[in-house]
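Accompanying notes for the structure given below.
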Amino acid sequence: MPTAAITKRNVDAFEAAERDAFLWDATLPGFGLKATPSGGKTYLFQYRIGGRGGVTRRYTIGRHGPLTPDEARKRAKALAALVEQGIDPRQQELDAKAEKEAAKREAEEQSRLDGELAFENVAKAWLAEYELDHRPATVGQARNSLNKYLLPKLRGKAMPRITKTDLQAAINAIPAKRKASRQQVFAYASILFGWALENDYIANNPIPSMAKPKGPKARNRVLTDDELISVWAAAAKLPGPLAAFYRLLILTGQRREEVAGMSWAELDRATAMWIIPGERAKNGVAHIVPLAPAVLEELDRLTLAKQQADQTDELDPALWPKIGPVVTLRGTVSITCYSQAKRKLDAEVEKVRKDADPLEPWRVHDIRRTVATGLQRLGIRFEVTEAVLNHVSGAKGGVAGIYQRHDWKDEKRAALSAWALHVERLISGAESNNVVALGVRA
């Protein structure tokens, strides 16, 4: 191969004929010029790593034109110095490129961890999907668990990097005496992280390795007849819609949110029927609730109050509205002030029982348990009681629930009528004994 000083004059004069031609510098070993038949000229450096036994490699310095011979020679000398140190210039370049690409990927991953994969953003995406097929009350509980307990501890943390320790700290931050809250937050965290795993937000779910928080002792509080009378009497002291709310809870045995969210569109006075749609029922199953005469009277009373408030020309309590919430303080939305209403009720209960022992602490859900127990005391069959409460456990669970399609409508009507009559007799008896001045039919 030709050898000569690689200068501008020699480079300009060097040409290739039918195939690539090489010109090697006379003074700097390995420094050369490649010319192609198309007229292109490229500076290069040829070297071996590991002495004569090493593989010969070529490193492209750059094209002639953008690079002058002197600039190319300077670069070739730098490459030669690396080879003298046992460093492969080409490998060094590849390593530098790989390091740069790795740094870019790491920056992109960090950006994703700080953005899309940040706990608050993953949780937001989950909640948006979760609320599509869950009841508003359930979604509200999920949102409360996130906003009140999980976000304060996990906000800003990348979802894939949240550990068992991080989650345990969030659970432990809830006071130990609030066992139900701990259990609920853990349950929603489990749903969230399970969803994140299924949707490739995380590669590992720390929840299964955690111990489930111990729940509170199962409640078995049932109001006695005397206590039920007091609650009924106290409810009468509350604003009309709240009084009706507690009385409807007592008379129907349905869940708090189901009664509070009752709409006129769900009611039919002609058939004395209330149909709770599946999307409002806790178990997602539409529920038929026959209405006892005492319930119709409560609804008639609310209807008349609404007609008077709307200054309707014809006052007829039997002309129930077609739309809108039944239990409402503002006319357009259902009540949600459960805690405030319960405090007012408790205050009135104290006044009603001023000459008797105060009530032991109780919750609104205890009314539902009281109704269930009362139905059993009245000799109502267990499966009918389950049907009244819209339970899918027990007699309606498992295989039996799949094949058992009887709606128990007639049996439920008989049961709820018997229960309402029992309540009426309790109140009437209380009136005759001058315990309270209150009747079912006000």
Side-chain angles (χ1 to χ4, degrees), residues 127-144 191 241-242 244-292 294-296 298-300 302-303 306 319-338 364-365 367-368 371-372 375 383-397 401-417 419-420:
L127 191 60
E129 183 174 313
Y130 187 76
E131 66 183 359
L132 294 178
D133 53 3
H134 289 82
R135 297 185 311 128
T138 303
V139 174
Q141 292 174 349
R143 185 179 289 109
N144 182 67
I191 297 171
L242 292 183
F245 171 58
Y246 287 110
R247 288 181 170 184
L248 290 173
L249 286 171
I250 292 173
L251 292 170
T252 67
Q254 302 310 301
R255 296 178 177 89
R256 182 185 68 178
E257 287 76 11
E258 293 167 350
V259 173
M262 178 191 294
S263 72
W264 291 107
E266 298 171 357
L267 300 169
D268 186 341
R269 195 180 193 284
T271 59
M273 202 76 71
W274 171 27
I275 299 180
I276 304 175
E279 59 268 22
R280 284 216 313 112
K282 182 177 181 180
N283 56 20
V285 179
H287 182 37
I288 298 174
V289 184
L291 304 178
V295 176
L296 297 180
E298 290 294 332
L299 296 173
D300 285 349
L302 288 174
T303 297
K306 178 172 173 40
L319 295 177
W320 291 358
K322 300 297 183 182
I323 59 174
V326 174
V327 185
T328 175
L329 292 171
R330 291 183 288 176
T332 57
V333 294
S334 302
I335 66 166
T336 55
C337 53
Y338 304 127
V364 170
H365 189 75
I367 293 177
R368 184 169 161 84
V371 174
L375 291 175
E383 56 266 40
V384 176
T385 298
E386 291 278 272
V388 167
L389 300 177
N390 197 20
H391 280 169
V392 292
S393 58
K396 295 173 66 178
I402 296 174
Y403 294 101
Q404 176 57 269
R405 296 306 180 190
H406 181 48
D407 62 15
W408 302 98
K409 183 168 58 179
D410 294 337
E411 293 88 343
K412 287 192 290 185
R413 184 176 298 281
L416 286 170
S417 295
W419 169 250

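Residue indices begin at 1 and follow the sequence shown.
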*Apply the test side chain to side chain contact (heavy atoms under 4.5 Å, CB included) to residues N390 and I276: give CA-CA distance (whole Å), side-chain angles for both, the deciding distance (0.1 Å), then the verdict.*
CA-CA 10 Å; N390 197 20; I276 304 175; over 6 Å; no

*Can K282 and E257 be counted as an ion pair, charged N to O under 4.0 angstrom?*
no

_Is it the case that atom CG in L132 sees more than 12 heavy atoms from other parts of the structure closer than 6.0 Å?_
yes

_Residue pair F245, I335: steps toward the side chain to side chain contact (heavy atoms under 4.5 Å, CB included) verdict_ = CA-CA 9 Å; F245 171 58; I335 66 166; 3.8 Å; yes

*Roughly how far, to the nearest 0.5 Å, is CZ of R255 from CZ of R368?*
4.0 Å

*asked:* Using every non-hydrogen atom in the two residues, find where V384 and A415 come nearest and quote the distance to one decimal.
replied: CG1-CB, 4.0 Å

*Is a side-chain N or O of S417 found less than 3.5 angstrom from the main chain of A292, in a donor-acceptor match?*
no

*Step by step, would you call E131 with R143 a side chain to side chain contact (heavy atoms under 4.5 Å, CB included)?*
CA-CA 10 Å; E131 66 183 359; R143 185 179 289 109; 3.3 Å; yes

*Decide yes or no on side chain to side chain contact (heavy atoms under 4.5 Å, CB included) for K322 and W264, but give the supporting numbers first.*
CA-CA 5 Å; K322 300 297 183 182; W264 291 107; 6.0 Å; no

*ring-ring contact (aromatic ring centres under 6.0 Å, His included) with Y130: which residues, sequence neighbours excluded?*
W126, H134

*Using a 4.5 Å cut-off on heavy atoms from C-beta on, say whether the side chain of T252 contacts that of E298.*
no

*Got L267 and L291 here, is their nearest side-chain heavy-atom distance under 4.5 Å?*
yes

*Residues, nucleotides or ligands: over 12 heavy atoms within 6.0 Å of K412 NZ*: yes

*Sub-3.5 Å donor-acceptor pair from the side chain of Q254 to the main-chain atoms of V388, do we have one?*
yes

*Strictly by modelled atom types, are D300 and W320 linked by a side-chain donor-acceptor pair under 3.5 Å?*
yes

